[in-house]
Each structure stands twice: as structure tokens, then as C-alpha cells.
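What follows is a short report on a single structure.
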Number of protein chains: 2
Amino acid sequence: MRNFLAPSRDNKQRRAAPVAELRRGVASNDSEVRNRSRRGSGRPTLADVAGLAGVGSITVSRALRDPERVSPELRQRIAAAVDELGYVPNPSARALASARADVIGVLVPSLTNNVFSEVLRGIHDGLGDCPLQIQFGNTHYSEQEEERLLRVFLGQRPSALIVSGIDQAPTTRQMLEEAGCPVVQIMEIGPDPIDMMIGFSHLEAGKAVARHLVDVGCKRIGFLGARMDPRSRRRLAGYETVMREAGRFDAALVTTTILPSSVSMGAVLFHKAFEKTPDLDAVICNNDDLALGVLFACHRASLKIPAQIAIAGFNDLEMMEVASPSITSVRTPRYEIGRRAIAMARAAIAGDRPQRTVVDLGFELKMRESTMRRARPAF
Amino acid sequence: MRNFLAPSRDNKQRRAAPVAELRRGVASNDSEVRNRSRRGSGRPTLADVAGLAGVGSITVSRALRDPERVSPELRQRIAAAVDELGYVPNPSARALASARADVIGVLVPSLTNNVFSEVLRGIHDGLGDCPLQIQFGNTHYSEQEEERLLRVFLGQRPSALIVSGIDQAPTTRQMLEEAGCPVVQIMEIGPDPIDMMIGFSHLEAGKAVARHLVDVGCKRIGFLGARMDPRSRRRLAGYETVMREAGRFDAALVTTTILPSSVSMGAVLFHKAFEKTPDLDAVICNNDDLALGVLFACHRASLKIPAQIAIAGFNDLEMMEVASPSITSVRTPRYEIGRRAIAMARAAIAGDRPQRTVVDLGFELKMRESTMRRARPAF
DNA sequence: TTGTAAGCGTTATCAC
DNA sequence: GTGATAACGCTTACAA
């Protein structure tokens, strides 16, 4: 219990700063007399503002959070006081008192990957200047790391959580289900969302590219993949489905590695594939880095694109359009995913959950020179 | 509510009840008796741990922060209690009590830019698993935005601050000087650091590339630049210096834009430059995106590289090495800058500032096919 | 080495 | 609509 008899043996000299003075002199509408405390940041507090405005500190708190609930006159006075003191709220105190931090935790598997920097950009832009902080974690594609980070994040009682993909480990999933805040799964959609979801179908995207290459008359269509996370595997599954339907599937056409994706890895995988299946006439790359690597490898080997080898990428990085030849790719709504994930989270935090809690943003096949063969049925 | 903050190893059947019970019954070594409080997160607190371990909560606090100062026996008991309860410290409470958040604020000008995602990666890796959070802000190359974000960051009393570049606006600079925490300026070095600094000389880097192209026998060496932030301008200055020395400077050779850098912008700028100076025999690109765009543009125009046009980039993205032809570039220590900036910040936070507070990490000119002409002095 | 007391700056609760 | 009071969970200052 607090001791009410103690407070006033304040005899020491205070600091010279005007703020300190103010803290002693004026801030006494509240019961507490803030005297030469040994601690404290030296910055103006709610009570200082309250003192200057001649109101209770709780009123200042309300005026700041929900101006409607305070009379215009006081609101006015308080605004002036805030301004004069240069008051900045202390987020820790707020979080402690309300048992809720103004933080959105974001878990992504990679920072190297171009894709996620776009998502992040969308997230930051989606925030605008609302006073939420992004707490950001890199799982390095590891379930253990994801769980560990989530535990840390949960320790802050975040306002919302954004996680990548739909393949959380069981413990992780359960933690998310019981997190007690809105959760948005991004990048991919699927059945059985934890809470909200925004992304697109990687299976369908994989099918779309494969179908395009089949349509365009390619016979021996390879698949090149690096990193092979669950989303990559889903795209591979889409490829396989279409290839089987077309009666052209051959396991030898698939060349993957668990190593990270890179341009040079594209060249490496292409050479591997070409060794296994020298009759290759097209490659579908798991992403654009690889595709660019293949482009360069073909260039070095004087293979004509698309005449001898057709190339398709994934994600549609800006350079695909400009490349020579331009490279067919699947445009994915990365930035938009980030932006709308935040929008959904904010809505949910504000209490009105969006009606659509699972949002399919789709994708778009961009057909370009690298696959522009005319389909010539054998004749 | 199941407690997921518990280390996953003890996922036995013991759940919610014990904690609540404990909070009422046992936790009374401290003067406070935590009874049926209307507030609170329901999660175990320091006092709960203290109760279970039979010590004062301050001892638990110490055992967690600085184990050395607690006797091995108590340390042991406390560890067991923490484990059993799945106690996770509340960072807001800690921040409030200590007037210092375990947060490092990081201000970068862009997220799109490949360069900064590398720096970020370095920062995150440099953190290891030390319990510091990164608070991240994107200034969009705007001084106003930088100042605004800094103000927000300062409101949290961060443990350290990392800012990009050395050209802060006066107000911003002053805020940083008075931040009361270690400050690291990254990417670039220069005179008059605010506190610590890590990067390299962009002026020298600009000179190095230009000198290389001069050495290699190029006469009409263009400079292509986008975004033109202060660092870009410094590189341009380096180029200009060398060109003047060689008696080859011509303002018409410089083609820049304030628009963001991109591969397609590289092609655009190249065409512009070629129009102005059709006798161009080399281009130095302000960064690798542009260089790649130039490569593609040359390819489309059937210009031979390096025979007709030599190309040099900046940053040495991974793809430069693999490109066909491979592209000369300046390798910059982006990842290393991030990693070591954090190391410096951590050291300073821990109280032992590194002796070298200004660290020049240098750069490395990577000469590749795209500039491999033999220098043929006129004869 | 360990503990007690007293806040840190805010918000929830409840009374006016 | 406004305010006094008591937390929120932790750490600093100081005492033992």
C-alpha cells in the first residue's frame, strides 16, 4: 500500500531547468506533488500539462486520446499547454497502464529477398502517420526462430500481429490463436485462417505459368527452384499438375535447391538442368532472380531466347520488363499485401473487423518476349 | 488462458490455475499483496516469480539483468521459478522504471533500395539474440520526415540511434546531439561526427571508378545518376574531379534525375545521354540498377560492351558478377556497416565506447568484363 | 548480497 | 464532463 504521509519533506534544491520548476510549482492539481525526485526523465509529463492547463491529468489523457469526450474549451487550453511544453506522451507508461502496446509485430522469413522489402514498404506506407510502431522480426525461414520471436513479441502485448504464410508450426499457430489480438497471415491464402488473411494462391500462379508455356508450344519445360519454402512448393505443385495434365511431366525436369535464391544460383541451376535434360526448351523459374541468372547463362552460351529456350520468372520485379529480351513473369501484389494487411489490422484494432477476412489479391501473368514463341502444332 | 510465453519444454498439463492462485496466495514477500485486481494482464510478474522462489522481487530483477550480483543459490531458485511460471519480463514496465527503452532507433532513407535492405540485414544479424529491439523509420529521403521520426523515436528514450548519412538538417543534428544516447551515423564518413560514424568515402569511390575508366582508355565517359542524394552527389564530385584532372570533363556528359533509381531508369538515362553525346564510349552509373538498365539498352541497340560502350556500376550487387558481360562495380560494405554499427552502439550502451569512433570501412573496385578494354594510348 | 520504499508516467475505475 | 485514486510491473536509491 502506498504511504500517504510520507511525501513532503522536500527541502533540496531543484535543477535550474524551467521544466523542473514547472513540475514543482504548477502541477499540483493532482494530489501528487512532484518534488525533486531522484528519478524521472526531466521531460514534461501529463501532469505538467494538466498543471499548466489547470485541469486534472486524466482530462489531458482523454483530450489526447479521444478529444470528443472533453469540452471544446478545455480541449483548447490543453492543446495550448501541450504545445507550450512540447509534451510528448511516454509510450511505455501508456503501455504499462493499458496493458497494451501500440505495436504491430511483423514476422517475415527474409530480408534479403526483394519480395519482403516490398511488403515492408507497403506496411510502412499503410501505417501513414498513425501512432503505431512496427516491431519487426526476421525468422530466417526457421520455425523455431518464428516461435521464439513470437514469444518475444507476445511479451509486449502487441495490438496486432502479421505473420508470413499459412504453414505455422502447431505451437506457433496456437499461440497466434490465443494471442488476444488481431492476426493477419500474409502472402498466401488458404483454408482455415487463424484470423485474417491476405495474399493469393501460389498453386494457381504455378499453374498459370506452366499452362502458358504449354500453350506456347514448349515441350520440355523445366522447373528451377531455390529456397523451396512452402509457397515455392505450392507453385511447383501447380506446375506439376499442369504438366501431368498435358502428359509432359518428368521428374528430371525439376531442379531445386534449398540454398537461397540468387542470380548466380539461377545460372547454376540452369546448367544442372541442361545436363540432365539437354532437350530442355523452356524453364520456369521459381523467382525472378533465378530467371535473370538463366538469361545471362543463355547469353553466355549463345542460346537464343525464346527460340531455343523460353524463360519465365516469378514476382515480376521491375527489371523483367526492361530486360533484353524482356522476361515473362507473374506479377504479385507484394506492396499491396503489406498495405492492406495493415489496413485490416488497423480496422480490427479499431473494433470493426473487415467483412472479408480472407482477401485474395490475385496475380497477373505478364507475357513477354522471353516466351513469345508462336505455338506451332506439329504438322 | 494458457501461457505461451513459457519455454516450450514444459508443456505439461499444468495451466492457468496455478498462476492466478499464486498471484493471490504466495506473492507476498513483497509488501504488495496482489489480490483480485481489476487490471493486469493475467501474466506472471516479477513478484510472482519472487514469491515462488521465496525471495524479494528486486532480487529476481537483479538475477535477470545481472546474474553476477546474486548468489548462485538464489540464482538457481529464481531460474527454476521463471521457468515454471514461464515468466517474460514486461518491457514497458522496465522502460518506464528505468527511463530507458531497450530500443535502437534506425532511420534510413529508403526501403526500396537494395542497399538499405542489406544494411538492415546486417543490423538484425548484429543484434544476435540480445534483447534489444529495432525501431525502424523510413525517411523517404525527406529532412522533414527525418525530423518527425526522430522526435517520435526520442519520445521512447531509445538506448541508441542509428541515422543514415552525414547531412542532417540543423534541427535534426541538434536533437541528435542532445539525445542523451549513443548515435551512429552510417553509410558515409566525414569530418565532425555527431558521435560515432561508420561508412566509407563516397568521394573517393567516385574518383576510383572514374580513374579506372580513364586508365582503361575511355575518352568520353558519361555519368548517369538517379535520386542524387548527398552521397550520390559526392560520388559525382569524385567523378568530376578526376575528369577535370584528365582534361576530359564536359557537363554534357553528366545526366541525372531526381527520380528514384531503377533498371528502367538506367535505360532512359542512357538514351538521353547518348542523344546529348553520341560519341560516348563509357558510362559510370550511380548505382547497379542503372548499370543493368544500360546493359539491357546496349543489348537492344546492339552496342558491344565494352568495345563500344564500357559500363561501370556502384554497390556491386550480386548480379553484377553473373551478368553477361559481367559488370565492373564498386563493392560497398553494406552488410558490414549494419553489423558494425550495431556493435558500436552496443559497446557504447554497455559503457565502453570503441576507441575508434569514426570507422572507414573502405570500398573495393571490382573490375570486370564491362570495362575490360586494353588501354591503347594513341600512337 | 539482499530487501524496503518510492516512484516512473500513464490509464481504468468509480465518484461527483 | 471532470477529477481523485489506485494500479500497471518494474527499477533506482538507500538501508541493513
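Residue numbering restarts at 1 for every chain, and letters A, B, ... go by the order of the sequence lines. Just so you know, these numbers use all the heavy atoms, side chains as well, and skip hydrogens, waters and symmetry mates.
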Problem set entry | Nucleotide nearest A:Asn90 (side chain, heavy atoms from C-beta), chosen from D:dC10, C:dG9, C:dG3 | C:dG9

Problem set entry | N/O (side chain, A:Ser71) to phosphate O (OP1/OP2, D:dT2) under 4.0 Å | yes

Exercise. Within the structure shown, what part of the strands sits under 4.0 Å from B:Pro89 by heavy-atom distance: base, sugar-phosphate, or nothing?
Worked result: sugar-phosphate

For this session: Return the value, rounded to whole Å, for the distance between atom CG of A:Asp102 and atom P of D:dC8.
Result: 20 Å

Seminar exercise, completed: A:Leu96 CG to D:dA7 C1', in whole Å, measures 9 Å

Problem set entry | Closest contact, heavy atoms only, B:Pro89 versus B:Pro91 | O-CD, 3.2 Å

For this session: Output the single nucleotide from D:dA13, C:dT13, C:dG9 whose closest atom is nearest the side chain of B:Ile58.
Result: D:dA13

For this session: State whether A:Ser61 places a side-chain N or O below 4.0 Å from either non-bridging phosphate oxygen (OP1 or OP2) of C:dT10.
Result: no

Seminar exercise, completed: Taken to the nearest whole Å, OH/B:Tyr87 to C1'/D:dC10 is 7 Å

Problem set entry | Whole-Å gap separating C1' (C:dT2) and CD1 (B:Ile78) | 10 Å

Exercise. Between atom CD1 of B:Ile78 and atom OG of B:Ser61, what is the distance when rounded to the nearest 0.5 Å?
Worked result: 9.5 Å

Exercise. CG of A:Leu46 versus P of C:dG7: gap in Å, rounded?
Worked result: 18 Å

For this session: Name the residue closer to the 5' end of DNA chain C, choosing between B:Ala93 and B:Val70 according to the nucleotide with the nearest heavy atom.
Result: B:Val70

Exercise. Does any N or O in the side chain of A:Arg43 come within less than 3.5 Å of the main-chain N or O of A:Tyr87, such that one atom is a donor and the other an acceptor?
Worked result: no

For this session: State, yes or no, whether a side-chain contact exists between A:Cys181 and A:Arg100 at a heavy-atom distance under 4.5 Å.
Result: yes

Problem set entry | Protein-nucleotide distance (A:Asp48, atom CG; C:dT10, atom C1'), rounded to Å | 13 Å

Exercise. Excluding sequence neighbours, so at least two apart, what forms side chain to side chain contact (heavy atoms under 4.5 Å, CB included) with A:Arg148?
Worked result: A:Glu145, A:Val152, B:Asp129

For this session: Take atom CG of A:Asp66 and atom P of D:dG1, then tell me their distance rounded to the nearest Å.
Result: 11 Å

For this session: Mind calculating the distance between CZ (B:Arg69) and P (D:dA13) to the nearest angstrom?
Result: 12 Å

Seminar exercise, completed: Note: for B:Arg62 and A:Arg62 on DNA chain D, the residue whose nearest nucleotide lies more 5' is A:Arg62

Exercise. Between D:dT12 and B:Arg65, is there an OP1 or OP2 to side-chain N/O distance shorter than 4.0 Å?
Worked result: yes

Seminar exercise, completed: Taking C:dG3, D:dC10, D:dC8 as options, the one with an atom nearest any side-chain atom of A:Ala97 is D:dC8

Exercise. Ignoring hydrogens and angles, are the base of D:dG1 and the side chain of A:Arg75 linked by a donor-acceptor pair under 3.5 Å?
Worked result: no

For this session: Classify the side chain of A:Arg43 and the base of C:dG9 as holding, or not holding, a donor-acceptor pair under 3.5 Å.
Result: no

Exercise. Using a cut-off of less than 4.0 Å, is there contact between a side-chain N or O of B:Thr59 and OP1 or OP2 of C:dT2?
Worked result: no

Seminar exercise, completed: Of the listed D:dC10, C:dT10, C:dC8, the closest approach to the B:Arg94 side chain comes from D:dC10

